[in-house]
Undergrad: 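I have a structure I would like to understand better, so I am pasting it below and will then ask my questions one at a time.
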Protein chains: 2
Amino acid sequence: MNLSVAEENYIKAIYKLQEGEQAVTTNALAYELETKPASVTDMAKKLKEKKLISYEKYQGITLSPEGRKTALQVVRRHRLWECFLVDKLSFSWEEVHELAEELEHVRSEKLISRLSEFLGNPVIDPHGDPIPDANGRMAKPRPQTSLDQANARRLVVTAVSDQSSALLAFLNAKSIKLGTQLEIIAHYEFDNSIEIKVKHQPAITISEQVAKNIMVRPL
Amino acid sequence: MNLSVAEENYIKAIYKLQEGEQAVTTNALAYELETKPASVTDMAKKLKEKKLISYEKYQGITLSPEGRKTALQVVRRHRLWECFLVDKLSFSWEEVHELAEELEHVRSEKLISRLSEFLGNPVIDPHGDPIPDANGRMAKPRPQTSLDQANARRLVVTAVSDQSSALLAFLNAKSIKLGTQLEIIAHYEFDNSIEIKVKHQPAITISEQVAKNIMVRPL
DNA sequence: AAAATTATTTAAGTTTGTCTAAATAATAAT
DNA sequence: ATTATTATTTAGACAAACTTAAATAATTTT
């Protein structure tokens with residue numbers, strides 16, 4: 001099946017939002033793709049026609065088996081390019097998403113298998129997310145949570161969900177990046193701020209707002 | 001200026017056809033881009049509006065200085081990706097064109113400068129064509145001619161202009177590839193066929209049709 | 001359970017890049 | 001210098017992916 005860039009982006013977004021099983025709503029998808037609900041409805045009809053999703057009016061969207069397979073191919077391409085950009089071109093992890101977003105739409109089995117080989121067939125990308133293999137199989141995603149909901153004491157930073165440059169600059173200033181190990185010192189209940197410590201750095205206090213956008217997993 | 005993929009392809013094709021100075025005709029451009037003359041006229045109006053070309057009804061098209069700059073950026077991206085595919089992913093020179101055709105449209109100064117650096121800032125691509133630098137400067141193109149028009153005796157293969165798999169298979173069978181050194185043994189005037197010899201191979205006779213599609217330069 | 005709110009869909013219109021068919025201009029042939 | 005041919009442009013339409021505004025369905029609130 002030959003999909004347009006827009007169609008691939010819808011499939012990928014549905015995959016991301018579906019997260020397990022429940023149907024994806026029109027609104028959620030519109031928000032994710034920065035488009036309007038009416039556009040989502042239009043596209044849903046088209047993707048249903050192509051048997052990539054199941055969709056009934058007012059009932060939300062779920063990927064069909066073919067849809068899931070397609071999604072995994074796009075995810076594989078995206079994550080392999082991220083590896084390339086970080087490992088070979090020395091980009092930092094927060095820069096690569098947008099570029100990979102474009103590179104992922106170059107559809108060529110051969111290109112992707114050669115790229116994977118060139119990178120040493122990596123199984124996780126620079127954000128710590130697993131890379132599907134050519135058959136769509138991958139390790140189960142790490143149990144990430146946002147920092148404000150973490151219950152373990154010692155944690156590793158796995159991603160930053162908000163890509164705004166303000167947040168990235170803040171994290172940069174505090175030497176917090178992918179793979180940084182943190183220790184939670186205290187929760188302050190009156191404003192839900194969190195005091196954390198990075199090795200060799202003074203302890204710092206982080207607002208709930210910031211904590212919500214830092215993804216971590218237990219060490 | 002933010003150009004669409006289609007616009008970039010037009011600019012690149014105009015650059016390719018302009019070859020020196022003379023204006024590009026509507027028909028030639030339509031043929032090159034595998035589209036219809038009417039579509040070319042439409043696009044010409046748009047590109048003129050954006051000041052990338054000069055164009056007057058029935059007078060053909062030439063790139064403006066900005067247009068040329070844009071074209072060189074696209075050519076730079078294309079040729080760097082070709083280097084990457086051949087040098088790092090072990091593609092053969094005849095496979096890379098289509099892939100580079102897609103990769104070239106990922107517009108990021110930083111990506112391209114990093115890629116160039118990663119490749120060791122190459123100045124010629126796998127087809128022997130010069131790669132423009134970040135400022136659009138490049139070595140002057142090699143004096144290629146098609147094999148049927150070559151006047152020197154000893155030649156190097158620099159490109160194959162027809163990308164059909166039939167021709168590529170033929171060349172493969174005869175061990176002729178980019179960089180192969182040939183010697184012209186004889187021209188047969190009755191059908192313009194050419195007898196050539198590759199080192200360590202028996203001499204072979206090539207039709208005019210084939211010779212027209214093999215680009216060479218004097219050794 | 002009715003009213004209010006929110007979510008979703010439909011209808012109609014836009015833009016980009018294409019197309020076909022018809023009209024016009026430029027060039028070549030007699 | 002007409003006529004014929006070829007090249008180019010215009011006009012009108014189409015598909016993809018989007019938009020806004022209005023209509024309808026689903027969900028929540030009271």
Side-chain angles (χ1 to χ4, degrees), chain A residues 1-15 17-19 22-63 67 70-71 74 101-102 104-107, chain B residues 1-15 17-19 22-63 67 70-71 74 101-102 104-107:
Chain A
M1 183 116 41
N2 230 20
L3 300 184
S4 68
V5 169
E7 288 169 333
E8 281 195 351
N9 282 332
Y10 271 88
I11 293 295
K12 189 170 56 124
I14 296 164
Y15 176 83
L17 296 178
Q18 209 178 315
E19 186 80 29
Q22 75 271 38
V24 174
T25 66
T26 304
N27 259 6
L29 197 45
Y31 182 78
E32 173 71 20
L33 290 167
E34 297 182 67
T35 180
K36 297 291 142 71
S39 308
V40 172
T41 301
D42 276 2
M43 183 61 96
K45 290 174 185 166
K46 244 203 305 181
L47 294 176
K48 182 187 181 177
E49 190 57 38
K50 295 192 172 188
K51 301 192 189 306
L52 293 166
I53 62 173
S54 66
Y55 164 69
E56 295 301 332
K57 267 187 181 187
Y58 300 104
Q59 298 312 124
I61 296 168
T62 45
L63 288 178
T70 301
V74 181
E101 206 71 8
E102 299 203 51
E104 75 188 10
H105 298 296
V106 177
R107 273 175 238 77
Chain B
M1 183 118 38
N2 229 20
L3 300 184
S4 68
V5 169
E7 288 169 331
E8 281 195 349
N9 282 332
Y10 271 88
I11 292 294
K12 189 169 58 125
I14 296 164
Y15 177 82
L17 296 178
Q18 210 177 315
E19 184 83 27
Q22 76 271 37
V24 174
T25 66
T26 304
N27 259 4
L29 197 46
Y31 182 78
E32 172 72 20
L33 290 167
E34 297 182 67
T35 180
K36 297 292 143 70
S39 308
V40 172
T41 300
D42 278 1
M43 184 60 95
K45 289 175 186 167
K46 244 203 303 181
L47 295 176
K48 182 186 180 176
E49 190 58 38
K50 294 192 174 191
K51 300 192 190 306
L52 293 166
I53 62 173
S54 66
Y55 164 68
E56 293 303 329
K57 266 187 179 186
Y58 299 105
Q59 299 310 126
I61 296 169
T62 43
L63 289 178
T70 301
V74 180
E101 207 72 7
E102 300 203 52
E104 75 188 9
H105 298 295
V106 178
R107 273 174 240 78

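Here is the naming used below: chain letters follow the sequence lines, and residue numbers restart at 1 for every chain.
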Undergrad: For B:Y31 and D:dT8, give me the distance from atom OH to atom P, rounded to whole Å.
TA: 15 Å
Undergrad: Name all residues meeting the side-chain hydrogen bond (donor to acceptor under 3.5 Å, both in side chains) criterion together with B:E49; count only those two or more places apart in sequence or in a different chain, and write none if there are none.
TA: none
Undergrad: Is any side-chain N or O of A:T35 closer than 4.0 Å to OP1 or OP2 of D:dT19?
TA: yes
Undergrad: B:D42: which residues meet the side chain to side chain contact (heavy atoms under 4.5 Å, CB included) condition with it, sequence neighbours left out?
TA: none
Undergrad: Does OP1 or OP2 of C:dT8 have a side-chain N or O of A:N27 closer than 4.0 Å?
TA: yes
Undergrad: With the side chain counted from C-beta on, respond yes when B:L3 and B:Y10 share a heavy-atom pair under 4.5 Å apart, and no when they do not.
TA: no
Undergrad: All N/O contacts under 3.5 Å from nucleotides 9-15 of chain D to the protein, with atom names and distances to one decimal?
TA:
from, atom 1, to, atom 2, distance (Å)
D:dT9, OP1, B:Y55, OH, 2.5
D:dT9, OP1, B:Y58, N, 2.8
D:dT9, OP2, B:T26, OG1, 2.9
D:dT9, OP2, B:T41, OG1, 2.9
D:dT9, OP2, B:Y55, OH, 3.4
D:dT10, OP1, B:K57, NZ, 2.9
D:dT10, OP2, B:K45, NZ, 2.7

Undergrad: Are any of A:S39's side-chain N or O atoms less than 4.0 Å away from OP1 or OP2 of D:dT19?
TA: yes
Undergrad: What's the NZ-C1' distance between B:K36 and C:dA22, to the nearest Å?
TA: 16 Å
Undergrad: Which residues satisfy the side chain to side chain contact (heavy atoms under 4.5 Å, CB included) test with A:Q22, sequence neighbours excluded?
TA: none
Undergrad: Applying side-chain hydrogen bond (donor to acceptor under 3.5 Å, both in side chains), can you list everything that pairs with B:K50, at least two apart in sequence or on another chain?
TA: B:E7
Undergrad: Run the salt bridge (Lys or Arg N to Asp or Glu O under 4.0 Å) test against A:E102 and tell me which residues pass, sequence neighbours left out.
TA: none
Undergrad: Distance check needed: D:dC18 P versus A:L29 CG, whole Å only.
TA: 11 Å
